[in-house]
Asker: 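Okay, here's the structure, questions in a sec.
All residue numbers in this chain count up from 1 along the given sequence.
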Amino acid sequence: MTEETKEKTLKKFLGKLGALYELTKPGIAVYVMATTGVSYYTAARGHIDIMPIINTLVGVTLGTAGSLALNQYVERELDAIMHRTQMRPLPSGRLRPGEALVFGWGLLVTGIVYLGVTVGWLPSVLTGASAAAYILAYTNLKTHSYLATLVGAVPGACPALIGWSAATGTMEFGGVVLFCIAFLWQLPHVLALAWILREDYARVGFFLTPPTDPDGYRIGKHMVYHSFSLIIISTLPTFLGMTGLIYLAGAIILGLITLALSITAALGMSHGRARKVFLWSLIYQPFLLALLMIDTIRIS
């Protein structure tokens, strides 16, 4: 084998690895890791052992990466039509469908089994259920009903339950509260993105915005409802004795900013106003998780 051939082979191999990595949507995987880890920390009241939380994060990351890869496999034909997704690994031809299918299933099964063996059956089952909700329910519902927005937020919030169950071995109300916070946070985020990309989504018949709402009036109202609910729910960790006043003050401030931006968008939906809601939602989540970490009440 000549040096030129070796170089081409290496370049092709690295290109394939890069495409597989891209297939896992690393940005979303990082969000899942952060939410799982903070939920674990909060449930354990700040007292954690290194290996259990590492095992939890490894298993959840593998399972999440697998479900995200399988989602792209299922939607590969639609992705080839939408402008924003045409350069993904499958529609761009950098990966074959069979490669993505095997890779996705391999990661998902490995993650579920790993969690079951190293952490416990409950987080393992929750990871599998989250993947099923994402791939089977949300993905299929996107072309049939606006309810897909609510259904899609369920697997996005499941990391809070997975982290809590990994730390405690059970389901408790505190974990449900963190799940609800993660669920509600996603809705203004997703609705704003859906409005920004409404023309692209319309190409493939996605119902992520109501088809009877061309001016965004209805979607704006929903942003406001969800943002207001988020303020209320996000204060519960303090009233349940999970966090202190620093978290409470921060959660209220973050929530009020979200509500203000949502109200502004609802008064006259535009690309710019929806974009502000979307970008702020990306800031809200890490700040709230940081507040949970900083102000979790430790019990000796």
Side-chain angles (χ1 to χ4, degrees), residues 27-28 31-32 35 71 75 78 82 84-85 130 133-134 136-161 176-236 251-289:
I28 297 178
Y31 155 74
V32 170
T35 304
N71 169 257
E75 293 188 335
L78 300 180
M82 293 189 291
R84 80 180 187 95
T85 55
S130 175
Y134 184 58
L136 300 178
Y138 171 62
T139 300
N140 291 322
L141 200 58
K142 280 195 287 188
T143 55
H144 292 88
S145 173
Y146 176 54
L147 289 175
T149 303
L150 296 176
V151 173
V154 171
C158 276
L161 291 178
V176 175
V177 168
L178 295 186
F179 170 89
C180 291
I181 293 172
F183 178 86
L184 289 169
W185 160 77
Q186 291 175 88
L187 297 177
H189 170 88
V190 172
L191 291 174
L193 183 63
W195 174 260
I196 294 169
L197 300 174
R198 64 193 183 283
E199 293 180 1
D200 218 9
Y201 285 156
R203 299 176 194 277
V204 294
F206 280 175
F207 286 93
L208 296 180
T209 57
T212 57
D213 185 34
D215 297 324
Y217 176 72
R218 182 178 172 191
I219 204 173
K221 286 198 305 181
H222 289 180
M223 284 182 184
V224 173
Y225 297 156
H226 299 317
S227 297
F228 182 75
S229 300
L230 178 60
I231 294 175
I232 297 173
I233 297 298
S234 65
T235 64
L236 289 182
I252 292 174
I253 292 171
L254 293 174
L256 287 174
I257 295 173
T258 305
L259 179 60
L261 291 173
S262 296
I263 291 174
T264 301
L267 291 174
M269 187 65 70
S270 66
H271 181 92
R273 291 180 177 183
R275 183 173 174 79
K276 287 180 180 179
V277 175
F278 174 74
L279 293 176
W280 168 252
S281 69
L282 297 177
I283 297 172
Y284 176 98
Q285 183 259 350
F287 269 77
L288 192 77
L289 293 181

Asker: Are any side-chain N or O atoms of Gln285 and backbone N or O atoms of Ser281, one a donor and one an acceptor, separated by less than 3.5 Å?
Answerer: no
Asker: Supply the atom-to-atom distance Ile257 CD1 to Lys276 NZ, rounded to the nearest 0.5 angstrom.
Answerer: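 Here the interatomic distance stands at 13.5 Å.
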Asker: Kindly say whether Leu230 contributes a backbone atom to a donor-acceptor pair with the side chain of Trp185 at under 3.5 angstrom?
Answerer: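 Flag not set: sc Trp185 to bb Leu230 has no pair under 3.5 Å.
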Asker: Quick one, Leu289 with Thr35, criterion side chain to side chain contact (heavy atoms under 4.5 Å, CB included). Give me CA distance, side-chain angles, the key distance, then yes/no.
Answerer: CA-CA 7 Å; Leu289 293 181; Thr35 304; 4.1 Å; yes
Asker: I need the Tyr201 OH to Thr85 OG1 distance, nearest 0.5 Å.
Answerer: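 Taking OH in Tyr201 and OG1 in Thr85, the distance rounds to 9.0 Å.
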Asker: Does Ser227 use its side chain to pair, donor to acceptor, with the backbone of Met223 at less than 3.5 Å?
Answerer: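 Present.
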Asker: Calculate, to the nearest 0.5 Å, the distance between atoms NE2 and CG belonging to His226 and Leu150 respectively.
Answerer: 6.0 Å
Asker: Compare all side-chain heavy atoms of Val154 with those of Tyr134 and state whether any distance is below 4.5 angstrom.
Answerer: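 With C-beta onward as the side chain, the pair stays apart.
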Asker: Between Thr235 and Ile232 (side chain of the first, backbone of the second, donor and acceptor by atom type, cut-off under 3.5 Å), is there such a pair?
Answerer: yes
Asker: Among all residues two or more places apart in sequence or in another chain, which pass the side-chain hydrogen bond (donor to acceptor under 3.5 Å, both in side chains) test with Thr149?
Answerer: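 Thr149: no side-chain hydrogen bond (donor to acceptor under 3.5 Å, both in side chains) contacts found.
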Asker: Determine whether a donor-acceptor pair (N or O, by modelled atom type, separation under 3.5 Å) exists between the side chain of Thr139 and the backbone of Leu136.
Answerer: no
Asker: With sequence neighbours excluded, give me every salt bridge (Lys or Arg N to Asp or Glu O under 4.0 Å) pair touching residues 142-154.
Answerer: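 Residue pairs passing salt bridge (Lys or Arg N to Asp or Glu O under 4.0 Å), neighbours aside: Glu75-Lys142.
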Asker: Please name the pair of heavy atoms, one in Leu184 and one in Ile233, separated by the smallest distance, quoted to 0.1 Å.
Answerer: CD1-CG1, 3.6 Å
Asker: For the CG atom of Leu256 and the CG atom of Leu261, what is their distance to the nearest 0.5 Å?
Answerer: 11.0 Å
Asker: Closest approach of Asp215 and Trp195, non-hydrogen atoms and distance?
Answerer: C-CH2, 3.6 Å
Asker: Taking atom CG of Leu191 and atom NZ of Lys221, what is their separation to the nearest 0.5 Å?
Answerer: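 NZ of Lys221 is found 13.0 Å from CG of Leu191.
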Asker: Could you tell me the separation between the CZ atom of Phe206 and the CE atom of Met82, rounded to the nearest 0.5 Å?
Answerer: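 Going from the CZ atom of Phe206 to the CE atom of Met82 covers 4.5 Å.
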Asker: What side-chain donor-acceptor pairs closer than 3.5 Å can you find for residues 266-275, not counting sequence neighbours?
Answerer:
from, atom 1, to, atom 2, distance (Å)
Ser270, OG, Arg273, N, 3.2
Arg273, NH1, Thr264, O, 3.0
Arg273, NH1, Gly268, O, 3.1

Asker: What heavy-atom pair brings Leu187 and Ala153 nearest, and what distance separates the two atoms?
Answerer: CD2-CB, 3.9 Å
Asker: Within the 4.5 Å heavy-atom criterion, are Val177 and Ile181 side-chain neighbours or not?
Answerer: yes
Asker: Go through it in stages, so that I can follow the logic: the residues are Trp280 and Ile283, the test is side chain to side chain contact (heavy atoms under 4.5 Å, CB included), and I'd like the CA-CA distance, side-chain angles, deciding distance and then a yes or no.
Answerer: CA-CA 5 Å; Trp280 168 252; Ile283 297 172; 3.7 Å; yes
Asker: Indicate the atoms forming the closest heavy-atom contact of Ala265 with Val277, along with that distance.
Answerer: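 What the structure gives for the nearest pair is CB-CG2, 4.2 Å.
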Asker: Between Ser234 and Tyr284, what is the shortest heavy-atom contact and its length?
Answerer: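 In terms of heavy atoms, the two residues are closest at CB-OH, 4.0 Å.
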Asker: Minimum heavy-atom separation for Ile219 and Tyr146, please, with both atom names.
Answerer: CG1-OH, 4.2 Å
